[in-house]
Engineer: 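Below: one structure in structure tokens.
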Amino acid sequence: MFPAEFVITDSKDMGQVGERIVYDALKQMPDDWTVIHNCWRHMLDDKRRPGREEHITYEADFILLIPNCGILVLEVKNWLNAKVENGLWYRRRPEGRYESVKHGSPLNQAYLAAKYLRKELDKKFRWGFAGTSRMEFRCAAVLLGRVENYQNISEVPKDKKAINEQLLPICNRPVPRDEVYDRLYLCGTSVLQDNLQERLERLFCYGNPTSEEELDDVRRYLLQNLMLYVDAAEANSILNTAAAPLCRVLPMLEESPVGVHVEGCAGSGKSSMLCAEAARLASIRDSSRVCITCFNYNLAEYLRSHAALKSSSVRHFDSSSRLVLDNFQTILKRLYSWLGEPLPKDFFSSGTLDSLAQRIQAEARHCFNHIFVDEAQDFPPEWWKLIKAMLAPGGKLYLFSDAGQVIFGGEGGMPELPVRLRLKHNLRNSAQIATFGAAINGGNACALPLQGPEVTVYPPLDDSHQRAGAVKEAINNLLAENYALQDIVVLTPWRKKTSLKDAQLAELIDFPADEETRENAAGRLRRCLSPSTTRVLGETIKAYKGLESLAVILTDISAPHEGPDSGFTPNELYVACTRARYRLIIIPTTSGVEFLKQLNY
């Protein structure tokens with residue numbers, strides 16, 4: 001089942017309640033069935049004519065991939081009452097009045113989703129050109145409420161095409177009108193309890209059985225491009241629920257002999273996939289050892305607290321634990337410590353790392369069966385030889401990267417892996433923030449249809465003291481909007497010449513000293529993100545890379561390539577903006593405002 005759990009975010013929403021009933025029933029289907037709930041998809045329909053391209057978004061309540069059968073699209077309606085009159089469907093509203101039904105009827109709604117899904121898959125696998133696919137498509141509707149005058153079903157104009165295309169493969173003969181209703185509409189909760197599996201499989205009884213290979217291809221394609229929509233008021237619930245199915249994708253790719261490279265935009269769920277799969281592999285009772293590493297120390301600590309790893313015994317990097325997690329620099333220091341040697345001054349140089357890699361390979365004491373690298377795009381080429389040396393014979397490498405988030409100057413030298421997975425949908429940010437971020441790096445926003453507040457950009461403030469006052473005002477405004485202190489993070493590109501060191505913010509923001517140990521940084525991060533915090537976390541953009549917060553305030557934002565250290569880049573601004581899940585406030589300088597005006601947003 002995708003997602004693995006169904007969360008009702010509004011108990012008064014009859015649609016959600018009805019879909020939950022069907023979800024629970026489908027959960028009882030055989031394990032080899034794939035059931036995707038509430039799936040939204042985008043496709044470009046070119047209609048085979050230049051200049052007539054059309055972007056289409058369609059939604060299916062349930063998509064079922066049934067072995068030896070094919071693909072079934074189910075539309076669920078939990079109406080109090082409905083009726084068919086004069087060839088038209090009407091649903092009864094809670095206040096008693098009737099209104100016409102979207103797309104003519106529930107069956108036609110399912111039919112349209114199935115039609116667009118087939119077009120999308122035809123385009124992906126070129127079935128329409130090769131003519132070799134025997135993939136069978138079906139659609140049906142589940143009606144949990146009462147329907148009057150259902151005998152008029154065959155008179156509904158918009159149902160005709162759906163019914164005609166469904167009847168022949170289902171019945172293989174002419175049928176009475178009421179049998180159309182009985183075959184294509186599953187009515188009442190009792191039908192979900194009595195022989196549901198047989199009823200659904202019977203929809204394919206006269207079709208050509210779909211090959212398991214084709215169904216596997218479709219399953220992988222759908223899951224790695226999954227976009228889920230959960231309608232709720234609380235942003236965190238929506239985003240967390242939407243990301244959950246990604247944790248089920250990597251286990252399906254275990255046949256890859258050397259590993260998987262997962263690429264995805266900011267917020268696409270890469271870190272969640274990493275933690276879930278690493279925990280799963282470490283829990284398998286064999287001799288496998290798993291190592292997770294990343295670029296910066298704060299991200300390593302953040303991953304350590306991830307829900308998927310909390311139940312696992314995650315250790316710091318050592319020579320015996322089954323699951324270890326540390327940033328690359330810490331791993332390097334521990335390796336030298338175990339070898340009984342002091343850390344060389346040039347420990348990051350290519351020659352030093354090559355020599356260390358040879359020794360690790362020769363001794364084979366610190367090898368792992370699975371190595372996961374988060375934010376792999378930041379790793380410089382010379383680091384990869386050591387990582388490969390830490391991989392046991394036959395071991396697998398899992399890389400998670402986004403070329404649009406290179407801010408440490410690493411990109412290059414990543415090992416080529418035969419299986420690449422591209423995650424296209426942003427599951428972290430509201431639609432407004434995702435669109436704003438995409439405008440910075442020139443990409444396209446494929447975000448959840450979660451509407452949040454517009455991005456707030458303050459008037460330009462070139463005086464550091466004035467920007468500090470604006471930061472204080474923004475924090476107080478967020479607190480007035482019922483954000484908690486731990487829900488807010490203030491980011492700046494600069495560590496030394498920043499407005500966050502202004503005296504008026506000393507009691508409000510916990511910003512690092514010029515020289516801060518990694519241990520102190522980790523303690524400060526845990527302290528500021530706990531419910532008992534008395535101050536808001538202040539951090540540099542680079543130090544906060546890979547992390548996220550419900551609300552983010554960006555200050556000292558100048559035009560990229562301008563500022564105290566002249567190292568601020570568009571990628572860094574993109575990373576900073578996409579740390580915010582739901583609320584983003586920017587406090588720029590004059591050059592920063594001019595840059596933001598140029599964005600196509």
Engineer: I'd like to know if the side chain of N571 reaches the main chain of V406, judged simply by a donor and an acceptor atom lying under 3.5 Å from each other, with no hydrogens or angles considered.
Structural biologist: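 Checking the backbone N and O of V406 against the side chain of N571, a donor-acceptor pair under 3.5 Å is found.
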Engineer: I'd like to know if the side chain of K270 and the backbone of V262 have a donor-acceptor N/O pair within less than 3.5 Å.
Structural biologist: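 No, the answer is negative, given that no donor and acceptor are paired below the 3.5 Å cut-off.
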Engineer: Would you confirm whether S558, through its side chain, and G592, through its main-chain N or O, come within 3.5 Å as a donor-acceptor pair?
Structural biologist: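 Between the backbone of G592 and the side chain of S558 there is no qualifying donor-acceptor contact (under 3.5 Å).
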Engineer: Mind checking whether L596 and L573 have side chains closer than 4.5 Å, heavy atoms only?
Structural biologist: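 When only atoms from C-beta onward are counted, L573 and L596 do touch, with a gap below 4.5 Å.
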Engineer: Hey, is the main chain of S549 close enough, under 3.5 Å, to the side chain of R579 for a donor-acceptor pair?
Structural biologist: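 No; judged by distance alone, with no hydrogens or angles, the pair does not exist.
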Engineer: Return the minimal non-hydrogen interatomic distance between L417 and L397, and the atom names on each side.
Structural biologist: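 So the two residues come closest at CD1-O, 3.5 Å.
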Engineer: Just to verify, what does Q358 make a side chain to side chain contact (heavy atoms under 4.5 Å, CB included) with, not counting sequence neighbours?
Structural biologist: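 With sequence neighbours excluded, Q358 shows a side chain to side chain contact (heavy atoms under 4.5 Å, CB included) to no residue whatsoever.
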Engineer: Who pairs with S337 by side chain to side chain contact (heavy atoms under 4.5 Å, CB included), at least two apart in sequence or on another chain?
Structural biologist: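 Checked S337 against side chain to side chain contact (heavy atoms under 4.5 Å, CB included); zero matches.
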Engineer: Residues in ring-ring contact (aromatic ring centres under 6.0 Å, His included) with Y574, at least two apart?
Structural biologist: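 Residues passing ring-ring contact (aromatic ring centres under 6.0 Å, His included) with Y574: none at all.
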Engineer: Look only at the side chain of N298 and the backbone of A543, and say whether a donor-acceptor pair between them is shorter than 3.5 Å.
Structural biologist: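 Looks like yes, one N/O pair under 3.5 Å.
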Engineer: Kindly give the heavy-atom pair with the smallest separation between P418 and V258, and that separation in Å.
Structural biologist: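 Minimum heavy-atom separation between P418 and V258: CD-CG2, 3.3 Å.
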Engineer: Side-chain contact, heavy-atom cut-off 4.5 Å: E572 with V575?
Structural biologist: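 No, side chains not in contact.
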Engineer: With no hydrogens and no angle check, just 3.5 Å: does a side-chain donor-acceptor pair link Q405 and D402?
Structural biologist: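 Indeed, the side chains of Q405 and D402 share at least one donor-acceptor pair under 3.5 Å.
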Engineer: So, taking the atom named CD in E301 and the one named SG in C294, what distance separates them when rounded to the nearest 0.5 Å?
Structural biologist: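 Reported value, rounded in 0.5 Å steps: 9.0 Å.
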Engineer: Could you give the distance from CD (E263) to CD (Q377), rounded to the nearest 0.5 Å?
Structural biologist: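 Interatomic distance, E263 CD to Q377 CD, rounded to 0.5 Å: 10.0 Å.
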Engineer: Could you pull out the closest heavy-atom pair between C367 and A389, with the gap in Å?
Structural biologist: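 Heavy atoms only, the tightest pair is SG-O, 3.8 Å.
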Engineer: List in chain and number order the residues that pass side chain to side chain contact (heavy atoms under 4.5 Å, CB included) with D510, two or more places apart in sequence or in another chain; answer none if no residue qualifies.
Structural biologist: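 Scan of D510 (side chain to side chain contact (heavy atoms under 4.5 Å, CB included), adjacent residues dropped) gives R524, R527, C528, R535.
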Engineer: Determine whether N327 and N296 satisfy the following criterion, side-chain contact (heavy atoms from CB on, under 4.5 Å), listing intermediate values before the conclusion.
Structural biologist: CA-CA 6 Å; N327 72 312; N296 62 332; 5.9 Å; no
Engineer: Do the side chains of F511 and V490 get nearer than 4.5 Å, heavy atoms only?
Structural biologist: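 No, too far: nothing below the 4.5 Å cut-off.
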Engineer: Give a yes or no on whether the backbone of A282 and the side-chain of R289 come within a donor-acceptor separation of less than 3.5 Å.
Structural biologist: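 The answer is no, because no donor-acceptor pair under 3.5 Å joins these two groups.
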Engineer: Please confirm whether the backbone N or O of F328 pairs with a side-chain atom of T293, one donor and one acceptor, at under 3.5 Å?
Structural biologist: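 Yes, T293 side chain to F328 backbone: donor-acceptor pair under 3.5 Å.
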Engineer: Q486: which residues meet the side chain to side chain contact (heavy atoms under 4.5 Å, CB included) condition with it, sequence neighbours left out?
Structural biologist: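 So Q486 forms a side chain to side chain contact (heavy atoms under 4.5 Å, CB included) with A484, P531, T533.
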Engineer: If you measure from CD1 on I541 to CH2 on W494, what distance do you get to the nearest 0.5 Å?
Structural biologist: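 One finds 8.0 Å between CD1 of I541 and CH2 of W494.
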Engineer: Give the C-alpha distance, both sets of side-chain angles, the deciding distance and a yes or no for side-chain contact (heavy atoms from CB on, under 4.5 Å) between I585 and V471.
Structural biologist: CA-CA 9 Å; I585 299 172; V471 169; over 6 Å; no
Engineer: Which pair of heavy atoms, one from A300 and one from L325, lies closest together, and at what distance?
Structural biologist: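 Residues A300 and L325, closest heavy atoms: O-CD2, 3.2 Å.
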Engineer: I'd like to know if the side chain of R467 reaches the main chain of D462, judged simply by a donor and an acceptor atom lying under 3.5 Å from each other, with no hydrogens or angles considered.
Structural biologist: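 The answer is yes, because a donor-acceptor pair under 3.5 Å joins these two groups.
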Engineer: Which heavy atom of P512 sits nearest a heavy atom of G538, and at what distance?
Structural biologist: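 Result for this residue pair: CD-O, 3.4 Å.
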Engineer: Examine the side chains of D502 and S499 and answer whether a donor and an acceptor come within less than 3.5 Å of each other.
Structural biologist: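 Not at all, the side chains of D502 and S499 share no donor-acceptor pair under 3.5 Å.
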Engineer: Whether the side chain of R428 engages the backbone of T578 through a donor-acceptor N/O pair (distance < 3.5 Å, no angle test) should be reported.
Structural biologist: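 Yes, R428 side chain to T578 backbone: donor-acceptor pair under 3.5 Å.
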Engineer: In this structure, is the centre-to-centre distance between the rings of Y582 and Y483 below 6.0 Å?
Structural biologist: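 Ring-ring flag for Y483/Y582: false, centres at least 6.0 Å apart.
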Engineer: If you look at every heavy atom in L505 and A468, which pair is closest and at what distance?
Structural biologist: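 Minimum heavy-atom contact is CD2-O, 3.6 Å.
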Engineer: Looking at side-chain heavy atoms only, is the closest gap between L584 and L554 below 4.5 Å?
Structural biologist: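 A side-chain contact exists here, since the closest heavy-atom pair is under 4.5 Å.
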Engineer: Are any of the side-chain heavy atoms of L356 and Y336 separated by less than 4.5 Å?
Structural biologist: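 Side-chain contact under 4.5 Å: yes.
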Engineer: Check this for me: does any side-chain nitrogen of one of D326 and R304 sit under 4.0 Å from a carboxylate oxygen of the other?
Structural biologist: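 Salt bridge: yes.
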Engineer: Under the side-chain contact (heavy atoms from CB on, under 4.5 Å) criterion, do M273 and L421 qualify, and how do the steps go?
Structural biologist: CA-CA 12 Å; M273 291 180 71; L421 200 60; 3.8 Å; yes
Engineer: So how far is it from C275 SG to Y302 OH, rounded to the nearest 0.5 Å?
Structural biologist: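 Output value for this atom pair is 9.5 Å.
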Engineer: Please round to the nearest 0.5 Å and tell me the distance separating atom CG of L500 and atom CG of L491.
Structural biologist: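 Interatomic distance, L500 CG to L491 CG, rounded to 0.5 Å: 8.5 Å.
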Engineer: I want to check something: taking the side chain as every heavy atom from C-beta on, are L353 and K385 in contact at a cut-off of under 4.5 Å?
Structural biologist: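 Heavy-atom side-chain distance check fails, nothing below 4.5 Å.
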Engineer: Using a 4.5 Å cut-off on heavy atoms from C-beta on, say whether the side chain of S271 contacts that of F400.
Structural biologist: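 Sidechains of S271 and F400: no contact.
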Engineer: Tell me which one of L537, I509, V536 satisfies side-chain contact (heavy atoms from CB on, under 4.5 Å) with I488.
Structural biologist: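 Looking at L537, I509, V536, the match for I488 under the side-chain contact (heavy atoms from CB on, under 4.5 Å) is V536.
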Engineer: Describe, in one word, how the ring planes of F379 and F295 are oriented to each other, choosing from parallel (under 30°), tilted (30 to 60°) and perpendicular (over 60°).
Structural biologist: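 Correct class here is perpendicular.
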Engineer: Among side-chain atoms of R583 and T456, is any donor-acceptor pair under 3.5 angstrom?
Structural biologist: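 Yes - a donor-acceptor pair under 3.5 Å links their side chains.
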Engineer: Do V260 and E277 come close enough that some side-chain heavy atom pair is under 4.5 Å?
Structural biologist: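 A side-chain contact under 4.5 Å is absent here.
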Engineer: Measuring from L391:CG to F368:CZ, what's the distance to the nearest 0.5 Å?
Structural biologist: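 Those atoms lie 10.0 Å apart.
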Engineer: Judged by atom type as modelled, is there a donor-acceptor pair below 3.5 Å linking the side chain of N429 to the main-chain atoms of A580?
Structural biologist: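 Indeed, once roles are kept as given, a pair shorter than 3.5 Å links the two residues.
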Engineer: For Y297, check ring-ring contact (aromatic ring centres under 6.0 Å, His included) against everything at least two apart and list the hits.
Structural biologist: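 Expected list: none.
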